[in-house]
Every structure is written in C-alpha cells, then in structure tokens.
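What follows is a single structure, written as structure tokens, with notes after it.
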2 protein chains.
Amino acid sequence: MTVPATTVRLLLADDHPVVRAGLRAVLETEADFEIVADVPTAEQAVRLAAECDVDVVLMDLQFGGRMLGSQATAEITARPGGPRVLVLTTYDTDADILAAIEAGATGYLLKDAPPQELAAAVRTAAAGRSALAPTVALRLMDRLRTPATALSRRETEVLQLVAEGHSNAAVSKRLFLSQATVKSHLVHIYAKLGVDSRTSAVAAATAQGLIRR
Amino acid sequence: MTVPATTVRLLLADDHPVVRAGLRAVLETEADFEIVADVPTAEQAVRLAAECDVDVVLMDLQFGGRMLGSQATAEITARPGGPRVLVLTTYDTDADILAAIEAGATGYLLKDAPPQELAAAVRTAAAGRSALAPTVALRLMDRLRTPATALSRRETEVLQLVAEGHSNAAVSKRLFLSQATVKSHLVHIYAKLGVDSRTSAVAAATAQGLIRR
DNA sequence: TGCGGCATCAACCAAAGGGTTGACCTCGGG
DNA sequence: CCCGAGGTCAACCCTTTGGTTGATGCCGCA
C-alpha cells in the first residue's frame with residue numbers, strides 16, 4: 001500500500017453540469033487530487049489539456065455538440081508528454097470502447113461506477129497503467145475470443161448508416177462509394193454476424209453493441 | 001416574484017453515485033431546499049417517499065436493476081397526499097415521456113439541464129405546477145399535432161418482429177398471416193412514420209421509443 | 001517478397017421487398 | 001343504422017436488395 005506523494009491534477013470534460021458537479025464533489029474529497037478545471041465541450045478539453053498542466057483528463061464520449069469525445073481523446077494523446085485520458089461514459093458498446101482505446105485512452109469507466117472505484121482508476125491512469133471497468137474488460141475478452149464478430153472500421157461505418165434507415169444508394173453517396181462497394185461490405189457483414197439481411201444484421205449488431213442505436 | 005417561505009424537502013433517486021453527488025452539490029446551494037435522502041434504486045425511492053415527509057422526488061427513469069422509474073413514479077403518485085415526482089433522465093424519447101406523464105409525473109427534465117433551470121423546475125413542481133424541459137415540450141407538441149404517429153397494436157407487433165430482423169415471410173408465419181397482410185401493415189406503418197423502407201421504419205420507431213430495442 | 005486481409009469497383013441474375021388497387025369482414029360510435 | 005377504422009387477403013408490377021464472380025490496389029506481417 002503506497003500512498004502517492006504527488007498530487008494528481010485533473011481536468012473534467014462532460015456536457016452535463018450535474019455530472020461535472022458530481023465528479024467534483026466525489027473527487028475533491030480525495031486529498032491527493034486537484035481539479036484544475038471542468039469544461040462542457042470536447043473542444044475546450046483539447047485546448048485546456050494543451051495549455052494547463054494536467055495529469056489526467058476525465059472525458060465523456062457523448063457531447064451534445066459536434067466534436068466527439070474519442071476525437072478529442074485522439075488529439076490530446078497525440079501530443080507527447082500530454083495528460084492521460086480516462087474515458088467516462090454511460091454506455092459500454094464495443095464500438096465506443098474500441099474507438100476510445102484506439103484513440104489512445106488510458107482507461108474506460110462507466111458512469112455508474114462507485115466513487116472509490118473511480119478514484120482508484122484515476123490513480124491507476126495517473127501512473128500510466130490502463131484502467132478498465134470490469135464490464136468493459138469482459139467485453140474486450142469476448143471480442144478477442146471470437147474475432148469473427150469484429151467488424152472492420154469501414155464495415156461498422158456502413159452498418160451504422162444502414163441502421164439509421166439509409167438505403168444502399170444513400171450510404172454510397174454519404175461515404176463517397178459505389179453501390180457495389182456498399183453491397184460488398186454488407187455481404188461481409190452478413191457473413192461475420194451470421195445473418196442474411198440488412199434488418200437482421202442491424203438487430204444482431206445492436207444486440208452485441210457493435211453499433212449505436 | 002414570490003419567494004416561497006417554506007422549504008422544499010427533496011428525495012433523489014438515481015443509480016449513478018456521481019449523478020446523486022452532482023444533484024446534491026447543485027441543489028444544496030439553494031437555501032430553500034432540503035435534501036432528505038438520496039437512494040440508488042427505484043424500490044428504495046418508493047419506500048422512502050411513503051415513510052418520510054417529502055415534497056418532491058427527483059426520479060431517474062433508467063435504473064440498472066429491475067424496477068423502472070416510471071413504475072416507481074406510478075406507485076408514488078398513486079398515494080394521495082404523496083410527493084410530486086419530477087422525472088430526470090438522459091433521453092427524450094416519446095415512449096419515455098409518455099410513460100412518465102401517464103405514470104403521474106409532474107415534470108420531465110433532461111440531465112443536461114443547467115442548475116438554475118433544475119432548481120426552477122423543482123420549485124415549480126413543489127407548487128404543483130407541471131415542469132417540462134423545452135425539448136420535451138416540443139416533442140409533445142409534435143406528438144399532438146400528428147396523432148398519426150400512434151401505431152395500432154397489430155402494426156406495433158409486426159414492426160417489432162421486423163426490428164428483430166425477421167423477413168416478411170417469417171413475420172407472416174409467426175403471426176399466422178399471409179405475406180400480403182404483412183406488407184399491407186408495413187405500408188400503413190411507413191405512412192404513419194413518414195418513411196419508405198423497413199430499416200428506416202425501425203430506425204424511426206426506435207428513435208421515438210415506439211418499439212423495444 | 002509474397003501472402004492475406006481490407007477496401008474498392010463492375011456486371012449480372014434471382015429474390016425479396018415495396019407500392020397499388022381492390023376487396024371482404026368485424027366492430028364500435030355517431 | 002351506416003360509416004369509418006382496423007384487420008385480413010389477392011394479383012400485379014417495379015425497385016431495391018441480396019448473392020456471385022472476378023478484378024484491382026494498398027498495407028502490414030511473416
């Protein structure tokens with residue numbers, strides 16, 4: 001049991017005022033934490049992470065506005081010597097988790113985590129080690145066990161649009177592809193998910209959390 | 001501008017520790033609010049609402065566990081002389097809103113609401129008047145303007161199966177119908193939802209909470 | 001260096017889904 | 001008592017989607 005002598009400097013990024021206040025309340029009680037600032041947008045998170053001296057950024061994935069949390073995460077972690085990013089979100093879909101980790105997040109927590117677990121994860125992240133919520137870790141294990149389930153980036157992108165109700169033609173325009181390519185992707189998707197139609201592919205993928213509802 | 005002389009006694013019900021802490025932090029600063037307790041389950045909310053002297057219950061809709069927030073809301077408001085219930089949730093789907101209001105909720109707020117709006121809504125609810133977030137109010141207006149949005153029982157049944165990935169043939173067998181009838185239902189569904197394909201119908205219906213995901 | 005996975009596209013055919021018209025039945029309310 | 005809405009079905013036609021084959025280029029890894 002070693003108590004870290006150094007204080008951990010934190011930046012909170014979440015578009016919900018209530019959640020920001022809650023994180024403040026929960027984390028401020030820890031003697032070795034110092035909350036530098038809390039911001040409501042991903043853009044401000046990127047800016048402050050660069051300007052201020054911050055050790056760990058607690059980052060939401062869903063912001064009401066344009067920029068995604070995963071995008072902000074990528075920009076922050078791209079800078080060498082920058083802060084660690086700890087993703088804190090409500091959902092635990094495969095797509096979100098993968099995106100966050102690929103973006104360079106050091107950890108992935110769910111918002112229903114108890115305060116002690118949260119504080120522990122922050123210290124773990126500050127030390128440079130990865131912090132994953134148990135549920136998240138399980139999902140990743142499953143993922144690795146059955147690599148067939150894993151859709152490629154492009155495939156996920158296509159399926160996401162299909163799930164939103166777009167036709168092949170609409171998807172092809174949206175992604176600057178020919179319809180042939182879209183169909184090709186879909187055939188691969190069907191094979192991976194073990195289905196034979198677009199609607200059942202969407203059903204299977206949402207059930208497995210591969211795409212966002 | 002009348003400042004209420006009486007203090008408003010509050011009960012917070014949310015399964016996220018962070019959100020509970022956030023609501024405490026935000027609402028405790030109001031001089032005329034007193035937070036009686038915060039609980040992590042719908043069941044405890046029902047029990048405490050009956051046992052303690054509470055004016056307003058701030059109720060989440062999604063609890064990790066079994067009981068739904070709307071169910072708890074119904075039980076609390078069923079008791080005469082009981083507290084008002086103010087629903088506070090992340091989502092603004094038609095189904096959720098309708099369920100909450102039918103369950104007897106006095107108001108419906110989104111979690112991204114600014115603190116001042118939140119406090120104002122609590123006072124409004126305490127006074128017995130209804131408090132709706134702007135977005136929510138808009139949704140209800142839309143709903144009333146186009147009553148066509150309501151699917152019939154049979155149509156919902158068909159669309160539910162379609163959403164699960166079944167083909168027209170599969171649906172017809174499942175419901176002991178001819179394919180012609182299934183198609184007929186689908187055409188009506190498209191018209192009501194303002195779409196022109198099964199996948200977009202599923203997307204629109206899930207967005208509006210007309211079917212289970 | 002060459003294999004395999006990913007992404008891209010074309011052309012084609014078969015099948016499923018989408019859209020229309022028209023019809024019959026039942027039930028509940030004006 | 002009749003009308004309208006919901007539910008059921010048939011026959012038809014056209015569009016979209018599904019499935020195949022085959023081909024190209026790129027990239028990473030063995």
**Q.** Flag for A:Gln160-A:Glu164: side-chain donor and acceptor within less than 3.5 Å
**A.**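 Looking only at side-chain atoms, A:Gln160 and A:Glu164 do form a donor-acceptor pair, the distance falling under 3.5 Å.
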Please report the distance, rounded to the nearest Å, between [atom1] in [X] and [atom2] in [N].
X: A:Asp196; N: C:dA15; atom1: CG; atom2: C1'; result: 12 Å
X: B:Arg198; N: C:dA16; atom1: CZ; atom2: C1'; result: 9 Å
X: A:Leu186; N: D:dT20; atom1: CG; atom2: P; result: 14 Å
X: B:Lys183; N: D:dT16; atom1: NZ; atom2: C1'; result: 13 Å
X: B:Gln179; N: C:dA16; atom1: CD; atom2: C1'; result: 9 Å

Q) Out of B:Thr181, B:Leu186, B:Leu161, which residue meets the side-chain contact (heavy atoms from CB on, under 4.5 Å) rule with B:Val171? A)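 It is B:Leu161, the one option of B:Thr181, B:Leu186, B:Leu161 that forms the side-chain contact (heavy atoms from CB on, under 4.5 Å) with B:Val171.
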May I ask you to decide whether [X] forms a salt bridge with [Y], counting only side-chain N to carboxylate O separations under 4.0 Å?
X: B:Asp55; Y: B:Arg84; result: no
X: A:Arg47; Y: A:Glu51; result: yes
X: B:Arg20; Y: B:Asp15; result: no

(Q) I'd like to check A:Val85 versus A:Thr106 (side-chain heavy atoms, cut-off strictly below 4.5 Å). Are they in contact? (A)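 They are not in side-chain contact.
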Is the backbone N or O of [Y] less than 3.5 Å from a side-chain atom of [X], with the two atoms forming a donor-acceptor pair by type?
X: B:Thr77; Y: B:Ala103; answer: yes
X: A:Ser184; Y: A:Ala180; answer: no
X: A:Tyr190; Y: A:Arg198; answer: yes

(Q) Please give the distance between the P atoms of D:dG19 and C:dG18 as a whole number of Å. (A)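 D:dG19 and C:dG18 have their P atoms separated by 15 Å.
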Q: Please state the P separation for the pair D:dG18 and C:dG19 - nearest whole angstrom.
A: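 It works out to 15 Å between them.
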Q: Can you measure from NZ (B:Lys111) to OG1 (A:Thr90) and round to the nearest 0.5 angstrom?
A: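 Nearest 0.5 Å value for the NZ-OG1 distance: 7.5 Å.
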Q.
If you take any heavy atom closer than 4.0 Å to DNA chain C, which residues from residues 162-173 of chain A end up in contact?
A.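 Nucleic-acid contacts, sorted: none.
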Q: Using five base pairs at each end, measure the axis-to-axis angle across the helix from C:dT1-D:dA30 to C:dG17-D:dC14 and round it to 10 degrees.
A: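 The end axes of the helix from C:dT1-D:dA30 to C:dG17-D:dC14 are about 20° apart, to the nearest 10°.
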Q.
Taking only side-chain N and O atoms of A:Tyr190, does any of them lie within less than 4.0 angstrom of OP1 or OP2 on D:dG19?
A.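 So the side chain of A:Tyr190 is outside the cut-off, no N or O lying under 4.0 Å from OP1 or OP2 of D:dG19.
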(Q) Show, in sequence, the C-alpha distance, side-chain angles and deciding distance for B:Arg154 and B:His185, and conclude whether the side-chain hydrogen bond (donor to acceptor under 3.5 Å, both in side chains) test is met. (A) CA-CA 8 Å; B:Arg154 199 58 160 168; B:His185 282 307; 4.7 Å; no
For nucleotides 4-8 of chain C, give me every protein contact, N/O to N/O, under 3.5 Å, one pair per line with atom names.
residue : atom : partner  : partner atom : Å
C:dA7   : OP1  : A:Ser152 : OG           : 3.3
C:dA7   : OP1  : A:Arg154 : N            : 3.3
C:dA7   : OP2  : A:Ser152 : OG           : 2.4
C:dT8   : OP1  : A:Arg154 : NE           : 3.0
C:dT8   : OP1  : A:Arg154 : NH2          : 2.9
C:dT8   : OP2  : A:Arg154 : NE           : 3.2
C:dT8   : OP2  : A:His185 : NE2          : 2.7

